[in-house]
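The structure appears right after this line, and notes come after that.
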Amino acid sequence: MRAPETMLDARDALYLRRAIELADLGRSRGNRPFGALIVGADGCVLAEAWCNTAETGDCTGHAETTAVRLASPRHSREELARATIYSSAEPCVMCAGAIFWANIGRVVFGIDAVALRGFRGERLDQRDAELSCRDVFDASPGGIVCVGPALLEEAARSHIGAWKA
């Protein structure tokens, strides 16, 4: 079921637009169009990443997992608990798990998995893996705040024509 679009304040909109820019950068490099950044409570960017699976051949090189890999060795779990990860698209189950294990306390995302499926097409091999990230976050004892979908039209633009066979 699709969640209604969320309105964002100026700070969240700024950082989510940066995640969308990173998605476009990744796409320009031959990857799928996904971007993410982690921002500390003080507004400092702790990590930026784009999906790099085509560049690296690493199937786990999603934008969110790459951002977590960059941030977690350099920032404490306490600092990450106060941070927000901004993602151009709803985090998949793998990325939601990485966000959980990194102890990131808040997620803001653009296009949701239901809308993304419209661009990607039906993939029966991945249908069971399309749980909402909220399902993962709701199972976490610490409670991860999840905001999205947001800036849906802007986030969707990155995916137009990107999902050719």
Side-chain angles (χ1 to χ4, degrees), residues 2-8 10-40 43-72 74 83-100 102 104 106-134 136-137 146-165:
R2 188 172 189 175
E5 186 167 1
T6 304
M7 298 303 294
L8 299 179
R11 175 185 160 126
D12 283 343
L14 173 75
Y15 290 124
L16 184 52
R17 285 187 174 106
R18 177 61 183 151
I20 294 166
E21 289 173 4
L22 292 165
D24 293 337
L25 175 62
R27 181 177 177 178
S28 75
R29 296 170 64 112
N31 301 289
R32 295 292 189 198
F34 298 99
L37 66 153
I38 301 171
V39 179
C44 274
V45 175
L46 307 181
E48 291 187 329
W50 56 85
C51 176
N52 63 16
T53 56
E55 287 178 83
T56 64
D58 178 0
C59 64
T60 68
H62 293 195
E64 300 91 338
T65 55
T66 301
V68 166
R69 283 186 192 114
L70 293 170
S72 62
R74 296 180 293 148
T84 298
I85 186 166
Y86 294 88
S87 178
S88 63
E90 182 173 359
C92 71
V93 173
M94 175 185 71
C95 292
I99 292 164
F100 163 78
I104 295 171
R106 187 167 178 263
V107 176
V108 177
F109 69 86
I111 191 170
D112 61 299
V114 174
L116 184 59
R117 191 179 310 131
F119 289 100
R120 195 187 72 206
E122 187 69 24
R123 298 247 342 242
L124 297 177
D125 62 325
Q126 291 184 349
R127 182 96 192 211
D128 292 337
E130 288 182 359
L131 295 171
S132 170
C133 63
R134 286 181 169 89
V136 176
F137 300 150
C146 187
V147 178
L151 303 179
L152 195 49
E153 284 186 34
E154 292 176 53
R157 282 188 209 120
S158 300
H159 297 275
I160 295 171
W163 294 91
K164 297 173 185 158

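Basis for what follows: all heavy atoms, side chains included, without hydrogens, waters or symmetry-related copies.
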Approximate separation, where rounding is to 0.5 Å, of [X] [atom1] and [Y] [atom2]:
| X | Y | atom1 | atom2 | value |
| --- | --- | --- | --- | --- |
| L46 | R74 | CG | CZ | 7.5 Å |
| E64 | S87 | CD | OG | 3.5 Å |
| R17 | L22 | CZ | CG | 14.5 Å |
| L37 | R18 | CG | CZ | 7.5 Å |
| T53 | N31 | OG1 | CG | 5.5 Å |
| R32 | N52 | CZ | CG | 14.0 Å |

Original post:
Among all residues two or more places apart in sequence or in another chain, which pass the ring pair (Phe, Tyr, Trp, His ring centres under 6.0 Å) test with Y15?
Top reply: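 Residues passing ring pair (Phe, Tyr, Trp, His ring centres under 6.0 Å) with Y15: Y86.
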*For the pair D112 (side chain) and P149 (backbone), establish whether a donor and an acceptor sit closer than 3.5 Å, ignoring hydrogens and angles.*
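Judged by distance alone, no pair lies under 3.5 Å.
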Flag the pair [X] / [Y] as yes when at least one side-chain heavy-atom distance between them is below 4.5 Å, and no otherwise.
| X | Y | result |
| --- | --- | --- |
| S132 | E90 | yes |
| R69 | T60 | yes |
| C146 | F109 | yes |
| E21 | L25 | no |
| H159 | F34 | yes |
| R11 | V39 | yes |

Nearest heavy-atom pair of [X] and [Y]: which atoms, and what distance?
| X | Y | value |
| --- | --- | --- |
| I38 | A83 | CG2-CB, 3.9 Å |
| C133 | P91 | CB-O, 3.4 Å |
| V68 | A98 | CG1-O, 4.0 Å |
| A36 | A63 | N-CB, 3.7 Å |
| S158 | D24 | OG-OD1, 2.6 Å |

*asked:* Under the side chain to side chain contact (heavy atoms under 4.5 Å, CB included) test against E154, which residue among L16, I111, I20 passes?
replied: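 Looking at L16, I111, I20, the match for E154 under the side chain to side chain contact (heavy atoms under 4.5 Å, CB included) is I20.
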Discussion item. Once side chain to side chain donor-acceptor pair (under 3.5 Å) is applied, do any residues pair with T84, and if so which ones, sequence neighbours excluded?
Written reply: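 Result, side chain to side chain donor-acceptor pair (under 3.5 Å) vs T84: R106.
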Partner set under side chain to side chain donor-acceptor pair (under 3.5 Å) for S88, not counting sequence neighbours: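 With sequence neighbours excluded, S88 shows a side chain to side chain donor-acceptor pair (under 3.5 Å) to no residue whatsoever.
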